[in-house]
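Here is the structure we will look at.
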Amino acid sequence: MAWWPHTPLHRFGTSGAYFVTGATYQKAHLFGGRERLLFLNELLFEVALKHELRLQAWAVFSNHYHFVALVEEAWRIPQALKEFHSRASIYANQLDAIAGRKVMHQYRDTQLTYQRSYLARLRYVHQNPVHHKVVPVATDYPYCSAHWFENTAPKPFIDTLAQFKIDRVHVQDDFEVEY
């Protein structure tokens, strides 16, 4: 089997928490604007529910997305992402009246086996709109989980998560985003 450095290896064997990052082909801004971001956000919810991915944190942007999900059967993740990418591609191509354009590209996944790693990535995803300088406060970005988290999580958990530094979280996230 050939190994290509631009194609990440996906190993979904056990249940647990997973951190996933996916992107549009060549980091193109195909989901800019309220309507497209709202579609992508709602599509993520719909597909996650259908494939039994329990989203813990999410953020969608014009050219990429991140999420943390808990799964009982890890093989559901690639099925969910195949559907998510397919439906997102069809939507973007229909809106732009372009047939057959490659819209979504690869995704990277990491199983989170340490509590500190899990908590740091939760915070990373919640704070991602600030990282990309889209908004000054993450809860102001409507296409991520920061607002939901601050309104539903117990205060002690919010305070614990706020203490986690995310500057050392290693994520390929060199995207420039449009809002």
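Just so it is clear, the model here is predicted, and its values are computed rather than measured.
With Trp58 as reference, Trp148 is the one residue of Trp148, Phe149, Tyr143, Tyr65 to meet the ring pair (Phe, Tyr, Trp, His ring centres under 6.0 Å) rule.
Criterion: ILVMFWY side-chain heavy atoms under 4.5 Å apart, direct or through other members. Under it, Phe45 and Leu43 are part of a common hydrophobic cluster. If you chain together hydrophobic residues whose side chains sit under 4.5 Å apart, Val125 and Ile158 fall into the same group. A continuous path of ILVMFWY side-chain contacts below 4.5 Å connects Leu38 to Met104, so both sit in one hydrophobic cluster.
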Exercise. Can you check side chain to side chain contact (heavy atoms under 4.5 Å, CB included) on His131 and Ile166, steps first, answer last?
Worked result: CA-CA 10 Å; His131 167 78; Ile166 56 175; over 6 Å; no
Problem set entry | Chi angles and distances behind the side-chain hydrogen bond (donor to acceptor under 3.5 Å, both in side chains) call for His64, His132 | CA-CA 11 Å; His64 75 288; His132 288 295; 3.2 Å; yes
Exercise. Is there a side chain to side chain contact (heavy atoms under 4.5 Å, CB included) between Asp109 and Phe19 once you walk through the steps?
Worked result: CA-CA 6 Å; Asp109 56 84; Phe19 173 73; over 6 Å; no
Exercise. Could you walk me through whether Trp75 and Gln79 pass the side chain to side chain contact (heavy atoms under 4.5 Å, CB included) check?
Worked result: CA-CA 7 Å; Trp75 55 265; Gln79 289 182 346; 3.1 Å; yes
For this session: With side chain to side chain contact (heavy atoms under 4.5 Å, CB included) as the test, would you mind laying out the steps for Val20 and Leu81 before giving the verdict?
Result: CA-CA 10 Å; Val20 177; Leu81 292 174; 3.8 Å; yes
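Listed by chain and residue number, nothing satisfies the side-chain hydrogen bond (donor to acceptor under 3.5 Å, both in side chains) test with Glu52 (two or more places apart in sequence, or in another chain).
Applying the side chain to side chain donor-acceptor pair (under 3.5 Å) test to every pair with at least one member in residues 24-33, sequence neighbours left out, gives these pairs: Lys27-Asp174, His29-Ser62.
Distance CD1/Ile90 to NE2/His85: 13.0 Å, rounded to 0.5 Å. The structure places CZ of Arg34 at 11.0 Å from CG of Asn41, a figure rounded to the nearest 0.5 Å. A distance of 11.5 Å separates CD of Gln127 from CG of Leu122, quoted to the nearest 0.5 Å. With values rounded to the nearest 0.5 angstrom, Asp96 atom CG is found 7.0 Å from Leu30 atom CG. Here Ile77 contributes atom CD1 and Gln111 contributes atom CD; the two are 8.0 Å apart, rounded to the nearest 0.5 Å. Distance NE2/His105 to OG/Ser89: 12.0 Å, rounded to 0.5 Å.
Nearest heavy-atom pair, Asn63 versus Ala28, reported as atom, atom and distance to 0.1 Å: CB-O, 3.2 Å. In this structure, Ala88 and Leu40 approach most closely via the heavy-atom pair CB-CD1, 3.8 Å. The shortest heavy-atom contact between Ala57 and Ser145 is CA-OG, 3.3 Å. Scanning both residues, Phe31 and Ala92, for their nearest heavy atoms gives CZ-CB, 3.9 Å. In plain terms, the two heavy atoms of Ala69 and Leu53 that are nearest each other are CB-CB, 4.1 Å.
Side-chain contact between His147 and Tyr141 is absent, with no heavy atoms from C-beta onward closer than 4.5 Å. The side-chain heavy atoms of Phe39 and Val60, taken from C-beta on, include no pair separated by under 4.5 Å. Using a 4.5 Å heavy-atom cutoff, the side chains of Asn93 and Val103 are in contact. Counting only heavy atoms from C-beta outward, the side chains of Phe84 and His51 never approach each other to under 4.5 Å. With contacts defined as side-chain heavy-atom distances shorter than 4.5 Å, the pair Glu72/Arg54 qualifies. Inter-residue side-chain proximity for Phe61 and Asn128 is flagged as met; some heavy-atom pair is nearer than 4.5 Å. Using a 4.5 Å heavy-atom threshold, the side chains of Val71 and Tyr18 count as touching. Residues Phe67 and Gln56 have side chains not in contact (no heavy-atom distance under 4.5 Å, counting atoms from C-beta outward).
A donor-acceptor contact shorter than 3.5 Å is absent between the side chain of Ser86 and the backbone of Lys82. No donor-acceptor pair closer than 3.5 Å links the side chain of Arg121 to the backbone N or O of Leu112. Put simply, the side chain of Arg76 never gets that close to the backbone of Lys50: no donor and acceptor are under 3.5 Å apart. Not one N or O on the side chain of Arg108 forms a donor-acceptor pair closer than 3.5 Å with the backbone of Thr21.
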